[in-house]
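For reference, the structure is listed below as structure tokens.
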Amino acid sequence: TRREFLLGGLLIILYCQGVATPCTGQTSRRRAASYGCILSDEDTEQFMNEETDSRLYISGDEPMIPRSGDRDFDFALAHTLAKASSILEVFPGFAYYDDYDSENAYATPKVRLTNADGTVLFGQRLLRRLMRNPESPDISVAAVCAHEFGHILQFKRGLSRIVGAGQGTVKRIELQADFFAGYFAGRRKLERPEYPAAVFATTQYSMGDNMLNRPGHHGTHQERAAAIVKGFEVAHRQRRNLPEAIRI
């Protein structure tokens, strides 16, 4: 649609030059000091400096990963990002990076495109693992993207400071991002009744952890799935708009 076209024009795609080969400087990356999947400014620089090319996402027709070999997936993911931008009202950049040290995806408030709301960095190895899922692997990728877009929403609305205040871990921040991912899934289910939204819950369930006292604790398996379900219900059953969902 014209709306998706205009929203998509604000997304920038940054990707590593060689999908199958390590990036230059692979052995020199220090361990990120950031907790959770939010990068500090210092950590962001070392991740972004490994990217060697960029292109502007305009309509969804451009290939997201030049060497993916799956044009249908590239096309679907481009439109998913446009939908996430529209539903969550954020306009981040989107970058792939070589996650050779640990399969992961990150969000950061730093931008590489004027007027963008930050940047999402998606690990190429994480992508390959998710695409091996037996059930709706593309939706698993969408779930992670929506979670990271949820972090961008937190940056934009100042929510991280509110939900993270006084906490010894990043769990509340991460679960709120899961809630927003579930909200996105619920809105998509309203638009497309056949949309396999349950995959969002199973994906985030698989990424839970039991390191309850570590600063990077994201939430248990059950808590992460429950946050997705709650966001889904707010969108799909209660039909709440985004400002109402944020208040909830």
Side-chain angles (χ1 to χ4, degrees), residues 30-48 84-85 87-93 99 101-111 116-123 126 143-187 200-235 238 240-248:
R30 62 177 176 78
R31 185 174 179 81
S34 303
Y35 296 121
C37 54
I38 297 175
L39 286 177
S40 67
D41 287 351
E42 182 181 5
D43 289 330
T44 298
E45 290 303 321
Q46 69 161 332
F47 279 79
M48 283 189 169
S85 289
I87 290 172
L88 298 180
E89 299 180 8
V90 293
F91 311 103
D99 52 345
D101 50 350
S102 178
E103 293 179 355
N104 215 335
Y106 291 104
T108 172
K110 292 188 73 68
V111 300
D117 294 321
T119 304
V120 170
L121 299 171
F122 202 113
L126 174 61
V144 175
C145 289
H147 171 91
E148 301 305 334
F149 275 46
H151 282 310
I152 300 296
L153 177 59
Q154 290 172 328
F155 303 151
K156 186 174 182 177
R157 304 291 185 102
L159 302 176
S160 300
R161 295 189 301 273
I162 297 172
V163 299
Q167 300 298 305
T169 74
V170 295
K171 183 177 82 168
R172 286 170 59 89
I173 294 173
E174 296 298 333
L175 292 181
Q176 188 187 55
D178 284 338
F179 171 88
F180 290 135
Y183 180 82
F184 168 76
R187 289 282 300 273
F200 275 60
T202 58
T203 299
Q204 297 309 93
Y205 177 92
S206 72
M207 295 185 178
D209 69 82
N210 294 309
M211 300 180 295
L212 306 183
N213 297 317
R214 293 191 179 182
H217 175 50
H218 279 49
T220 66
H221 302 283
Q222 294 81 4
E223 287 173 331
R224 299 205 67 177
I228 291 286
V229 171
K230 179 63 176 178
F232 176 87
E233 291 177 345
V234 166
Q238 301 177 21
R240 301 296 187 95
N241 61 32
L242 183 61
E244 291 171 334
I246 291 172
R247 285 196 294 271
I248 291 171

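Please read all numbers here as calculations on a predicted model, not as lab measurements.
Summarising the geometry, atom CZ belonging to F122 is positioned 10.0 Å from atom CD belonging to E103; distances are rounded to the nearest 0.5 Å. Residue D117 holds its CG atom at 11.0 Å from CZ of F155, rounded to the nearest 0.5 Å. With rounding to the nearest 0.5 angstrom, the NE2 atom of H221 is 5.0 Å from the CG atom of N210. For the atom pair CD of Q154 and CZ of R161, the computed distance is 11.0 Å after rounding to the nearest 0.5 Å. R240 contributes atom CZ, which lies 13.0 Å from atom CD1 of I246 (distance to the nearest 0.5 angstrom). If you take CZ on R224 and OH on Y205, they are separated by 12.5 Å, rounding to the nearest 0.5 Å.
Side-chain N or O atoms of Q167 include none that pairs as donor or acceptor with a backbone N or O of G164 at under 3.5 Å. At distances below 3.5 Å, not a single donor-acceptor pair connects side-chain atoms of T119 with backbone N or O atoms of G93. The closest donor-acceptor contact from the side chain of E148 to the backbone of C145 lies at 3.5 Å or more, if one exists at all. Side-chain N or O atoms of D178 include none that pairs as donor or acceptor with a backbone N or O of Q204 at under 3.5 Å. A donor-acceptor pair under 3.5 Å is formed between the side chain of S85 and the backbone N or O of V90.
In terms of heavy-atom proximity, F200 sits nearest to A143 at CE2-CA, 3.5 Å. Nearest heavy atom pair, residue L159 against residue Q176, reads CB-OE1, 3.6 Å. Of all the heavy atoms in Y183 and L242, the pair that sits closest is OH-N, 3.1 Å. Heavy atoms only, all atoms of each residue included: M211 and H217 are closest at O-CB, 3.1 Å. A pairwise comparison of heavy atoms in A245 and V234 identifies CB-CG1, 4.0 Å as the closest pair. A pairwise comparison of heavy atoms in G219 and L175 identifies CA-CD2, 4.4 Å as the closest pair.
Counting only N and O atoms by type, the side chains of H147 and E174 include a donor and acceptor under 3.5 Å apart.
Under the side-chain hydrogen bond (donor to acceptor under 3.5 Å, both in side chains) criterion, R157 pairs with E89, not counting sequence neighbours. Under the rule for a side-chain hydrogen bond (donor to acceptor under 3.5 Å, both in side chains), S160 has no partner lying at least two apart in sequence or in another chain.
Counting heavy atoms from C-beta on, the side chains of V144 and M207 come closer than 4.5 Å. At least one side-chain heavy atom of K171 sits under 4.5 Å from a side-chain heavy atom of E223.
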Inset, instruction - Could you give me the CA-CA distance, side-chain angles and deciding distance for R214 and D209, then say whether side chain to side chain contact (heavy atoms under 4.5 Å, CB included) is met? - result: CA-CA 10 Å; R214 293 191 179 182; D209 69 82; over 6 Å; no
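The number of heavy-atom neighbours closer than 6.0 Å to NZ of K156, taken from other residues, nucleotides and ligands shown, is above 12.
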